[in-house]
Amino acid sequence: MIGQTTLALCRSSGRQVQVIRSLKQSARLYEDVKTPVQKWGWEYLVRQKELKRPLSPNLGIYKIQLTMGMSGLHRVTGCVMAGALLVGSVGFAVAPFNFTQFFDTIRRWDLPGVLLFPIKWIIAFPIVYHSLNGIRHMGFDMAKGTDLGSVYKSGYLVLGLSVLISTLIVIRASCNSTPCPLTQKK
């Protein structure tokens, strides 16, 4: 090890040698040396472990709140959409059929509306929710509506609109394939 260091120093310029020497002098010789704060923190963790308490916060100790749930749902819907896009694009790139053929095959199965409605809603909801909640977060980024009352109002508004818009999208999509009671004249 010393030989390698010597070789490295021989190849280095004068300025680099000075930097290396200062780093060696300022580096701690013993890794177990702790600052008073680190020592107190370590002792605290040891006491907590002896009392059989969790060493880090977990979901079991928190009351579920709207903001917590919406944040988690926003992340989950984003990951689900990204995963679906990735799997779908790679899948259709390597599959022996294309996107249109795939959905034509599903249409030929002639699934009942009772089954199709929830499937379509499960596809529509993440897109609508993630979009509306993203707009809400853009408002937060501009420091608009960040007081607790406004956060809850906008949260309930986003949830309600997401359910409503997703349902309307699915109803409208269902009207394209079958006689729609919404558009029929009496």
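- Atom OG1 of Thr67 is separated from atom CG of Leu148 by 7.5 Å, given to the nearest 0.5 angstrom.
- For the pair Gln101 and Thr105, the tightest heavy-atom approach, listed with the atom from each and the gap, is O-OG1, 2.8 Å.
- Side-chain contact between Asn133 and Leu73 is absent, with no heavy-atom pair separated by less than 4.5 Å.
- For the pair Tyr129 (side chain) and Met70 (backbone), a donor-acceptor distance under 3.5 Å is present.
- Taking 4.5 Å as the limit, every side-chain heavy atom of Arg172 sits out of range of all side-chain heavy atoms of Ile169.
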Practice prompt. Test side chain to side chain contact (heavy atoms under 4.5 Å, CB included) on Val151 and Leu66 and set out the steps.
Written response: CA-CA 9 Å; Val151 167; Leu66 176 72; over 6 Å; no
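- Between Trp121 and Phe125, the two ring planes are parallel [angle under 30°; tilted spans 30° to 60°].
- Within a 6.0 Å radius of OH in Tyr44, other residues, nucleotides and ligands contribute 12 heavy atoms or fewer.
- Scanning all heavy atoms of the two residues, the minimum distance from Leu115 to Leu111 falls at CD2-CD2, 4.0 Å.
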Item to complete: Evaluate the criterion side chain to side chain contact (heavy atoms under 4.5 Å, CB included) for residue pair Ile171 and Phe117; output intermediate values, then yes/no.
Response: CA-CA 8 Å; Ile171 289 171; Phe117 190 89; 3.9 Å; yes
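- Considering all non-hydrogen atoms of both residues, Arg136 and Ser154 come closest at NE-OG, 2.8 Å.
- Rounding to the nearest 0.5 Å places OG of Ser162 at 11.5 Å from CD1 of Ile127.
- Among all heavy-atom pairs drawn from Leu132 and Leu161, the shortest one is CD1-CB, 3.8 Å.
- Residues Ile64 and Met68 meet the side-chain proximity criterion, which asks for heavy atoms closer than 4.5 Å.
- Remark: side-chain polar atoms of Glu43 are not paired, donor with acceptor, to backbone N or O of Trp40 under 3.5 angstrom.
- Ring orientation note: the planes of Phe102 and Phe92 are nearly perpendicular, at an angle over 60° on the 30°/60° scale.
- For His130 (side chain) and Thr77 (main-chain N/O), no donor-acceptor pair under 3.5 Å exists by modelled atom type.
- The neighbour count for Arg53 CZ, taken as heavy atoms of other residues, nucleotides or ligands under 6.0 Å away, does not exceed 12.
- If you chain together hydrophobic residues whose side chains sit under 4.5 Å apart, Leu116 and Phe103 fall into the same group.
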